[in-house]
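Data block below; observations after.
For clarity, every value in this text was computed on a predicted model and none was experimentally measured.
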Amino acid sequence: MADKLLEVRDLCVAAHVQKNVLTPIVKKVSFSIETGKVVALIGESGSGKTTISLACMGYARPGCTITGGGVKLDDIEVLKLGFLERRRFRGTDVSYVAQSAAASFNAALTITRQVIETPLIKNLMSANEAMEKAVSLYHELDLPEPEAIGRRYPHQVSGGQLQRLMAAMAMICDPKLLILDEPTTALDVTTQIEVLQAFKKLIRDKHTSAIYVSHDLAVVAQVADDILVLKDGVMIEYGPAEQIINEPSQDYTRELISAAHIMPKSMPKPRPLIIQTAQNATAQPLLVVDGVTAGYGQNHQYLALHSVSVEAHVGRTIGIIGESGSGKTTLGRVISGLMGSKQGEVRLDGIPLADSIARRSRAELRSVQFAFQMADVALNPRHRIRKILGRPLKFYFNMSEGEVGHRIDEILDTVELPSYFANRFPRELSGGERQRINLARSLTAEPKLIICDEITSALDTIVAEAILKLLRELQERLKVAYVFISHDLSTIAKVADTIAVMRRGKIVEYGSTVEILTPPHHRYTELLLSSVPDLRTDWLDTIETRRAAARIAAAG
């Protein structure tokens, strides 16, 4: 039997919710990892995944306390280490790869300076040895220009490259245990595959054990040997990946499987367009984007959109899909007026919209609303929900305080939140609840069109599914149109009536969801489709040949 590198025994963690009162958040969790193996911790937000993985480093986040159990890494009793011993232990015996590499790197320092920082601080190697080790890891992680990439700053590389560079930082001291905390959640599907392959190769070649934290079973299936399913800090199910995925014993695990980011087995039937007038045989489009070219810099010198044309109809959803840098969010910014265009125009109800928010009328601003990707950033942390939702009500409708309070209660009910949430701050809400408030703020204006920019990308699969269900229900009831921007084709397939596939600022394929997702596909659409994981453990190992052919065809 293989040696157990890590043993977690009856781990308990509690949070200081009230003064002198501890509330259990992780309850007697036990698992082990053999040398060279990967255990995945999976569950929705608040299930204790990250809390458990951090406890394996002897760390509890502010407001939390490890109250019981044990963690043994090799011969080290982690929870019995003193403060200085734990500092020596972290970064050498165990390393951590956070979810957001962009937030973890210092924007003012070059990449390699940060990658080699740990071995230099701990006097494990000389500067030259650390530089050589870093370049070697860049080669192993298939990074472009491995001899030169370390001289760049974090903003000068892509998200997928930065995530792999963070893996290099974690691996430079050859740790025994690697903790990967949602490392691909915010990446587009093609980049996600590259990062997953790099992690899997690194773990195999270095014979390193790993904890992989995720909410997505389809991703976990590609890397994990064993899976531990968690809910509210309690172990629900634990066993080999094949058994958990193919023969789950618990209803909650089956719920996670049904919410996994996989392509639906069949496409929804197209919905008929809403007739706007009795005289029209077919509905006229609500929104027309006509030949828009736009970019950044002086006089749009760096173009992000090249003559893009799309339409959105009343009560329907157009999905905008593509990799990072394809121009999706830029298109949303142009439609909303947050960004101007070089040429072309945006029309709403047949009337051209000014290309700047400052020059749009209040009615036009009301008609087009933007739901941003990161509710954490989009909602002012110093304001209560009542003030966040009340400001647009006063601005657009000049409501009195009494009218505002009544309307906020109605809006919170619309997004299925209790009225007492109005007195809370954003930090007091879960990720899914904050995203509902983000959506509620858009709805306060009673818009005709909402631009949804990656609004489910940072959410766990079950919460994301609930948000998508809410969007569909609101659309049926309010007849609002959505421009739904996403890098996740499986999500787009669930919500969109039409799809525009974008690449390098251009529309490469455009049509109904059924047309776009039914073969034959455009070569680039085929690449995106081939990059959505299947819920089987051998998918990553068998897909590369198909993806390589699709990549060559798409480049042609």
Side-chain angles (χ1 to χ4, degrees), residues 185-186 286-287 289 310 312-322 328-339 346 348 353 357 360 364-381 383 385 387-393 395-396 407-408 410-417 421 426 429-460 463-488 491-492 494-497 500:
T185 296
L286 169 70
L287 172 81
V289 178
V310 293
H313 289 262
V314 173
R316 295 294 176 262
T317 300
I318 175 171
I320 311 294
I321 184 77
K328 308 184 299 295
T329 296
T330 302
L331 176 58
R333 289 171 63 84
V334 169
I335 293 170
S336 67
L338 289 171
M339 178 177 172
V346 177
L348 189 74
L353 294 175
I357 278 181
R360 290 188 184 181
E364 290 171 338
L365 292 175
R366 231 193 78 195
S367 296
V368 180
Q369 292 290 305
F370 206 116
F372 296 93
Q373 178 177 359
M374 302 299 291
D376 308 54
V377 178
L379 303 177
N380 191 324
H383 292 172
I385 302 306
K387 186 169 184 178
I388 291 171
L389 298 183
R391 289 187 67 184
L393 290 172
F395 178 76
Y396 290 120
R407 182 64 181 135
I408 286 173
E410 291 179 341
I411 292 167
L412 287 173
D413 183 63
T414 298
V415 296
E416 300 175 0
L417 290 175
F421 270 41
L429 309 182
S430 71
E433 289 165 349
R434 283 194 295 269
Q435 200 58 278
R436 285 173 186 258
I437 295 298
N438 194 20
L439 183 59
R441 184 172 58 179
S442 300
L443 292 171
T444 58
E446 300 177 13
K448 298 178 181 179
L449 176 79
I450 299 178
I451 301 163
C452 302
D453 188 7
E454 301 272 16
I455 64 171
T456 62
S457 65
L459 302 177
D460 66 63
V463 175
E465 195 69 24
I467 294 294
L468 295 180
K469 179 174 178 288
L470 175 63
L471 286 171
R472 288 191 291 268
E473 290 172 352
L474 291 173
Q475 190 170 63
E476 290 297 324
R477 195 186 328 155
L478 305 175
K479 306 307 177 189
V480 63
Y482 298 134
V483 175
F484 196 96
I485 297 167
S486 180
H487 63 249
D488 185 356
T491 298
I492 288 285
K494 294 175 183 176
V495 299
D497 298 285

Rounded to the nearest 0.5 Å, what separates atom [atom1] in [X] from atom [atom2] in [Y]?
X: Thr444; Y: Leu389; atom1: OG1; atom2: CG; answer: 6.5 Å
X: Arg434; Y: Leu379; atom1: CZ; atom2: CG; answer: 8.0 Å
X: Ile437; Y: Leu443; atom1: CD1; atom2: CG; answer: 10.5 Å
X: Glu446; Y: Ile411; atom1: CD; atom2: CD1; answer: 7.5 Å
X: Leu338; Y: Thr330; atom1: CG; atom2: OG1; answer: 11.0 Å
X: Lys494; Y: Leu471; atom1: NZ; atom2: CG; answer: 13.0 Å

Short side-chain to backbone donor-acceptor contact, [X] and [Y], under 3.5 Å:
X: Gln369; Y: Leu365; result: yes
X: Arg436; Y: Val415; result: yes
X: Lys328; Y: His487; result: no
X: Arg441; Y: Arg391; result: no
X: Asp453; Y: Phe372; result: no
X: Gln435; Y: Ile455; result: yes

For residues [X] and [Y], determine if any side-chain heavy atom of one lies less than 4.5 Å from a side-chain heavy atom of the other.
X: Pro426; Y: Ile388; value: yes
X: Arg477; Y: Thr414; value: yes
X: Val495; Y: Arg472; value: yes

Could you check Leu429 against Ile385 for side-chain contact (heavy atoms from CB on, under 4.5 Å), going step by step and ending with a plain yes or no? CA-CA 10 Å; Leu429 309 182; Ile385 302 306; 4.0 Å; yes
Non-hydrogen atoms of [X] and [Y] that approach each other most closely:
X: Leu286; Y: Ala481; answer: CD2-CB, 3.8 Å
X: Ser486; Y: Ile321; answer: O-CD1, 3.2 Å
X: Ala371; Y: Asn438; answer: C-ND2, 4.1 Å
X: Ile451; Y: Gly332; answer: CD1-O, 3.4 Å
X: Gly319; Y: Ala496; answer: N-CB, 3.7 Å

Do Ile335 and Leu449 pass the side-chain contact (heavy atoms from CB on, under 4.5 Å) test, and can you show the C-alpha distance, the side-chain angles, and the key distance before you say yes or no? CA-CA 10 Å; Ile335 293 170; Leu449 176 79; 4.0 Å; yes
Test side-chain contact (heavy atoms from CB on, under 4.5 Å) on Asp497 and Ile318 and set out the steps. CA-CA 6 Å; Asp497 298 285; Ile318 175 171; over 6 Å; no
Salt-bridged, Lys469 to Glu465, with N to O below 4.0 Å?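 Looking at Lys469 and Glu465, the cut-off is not met.
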Please indicate whether Arg407 has more than 12 foreign heavy atoms, meaning atoms of other residues, nucleotides or ligands, lying under 6.0 Å from its CZ.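 Counting other residues, nucleotides and ligands, CZ of Arg407 exceeds 12 neighbours.
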May I have the step-by-step check of side-chain contact (heavy atoms from CB on, under 4.5 Å) for Val368 and Glu364, ending in yes or no? CA-CA 7 Å; Val368 180; Glu364 290 171 338; over 6 Å; no
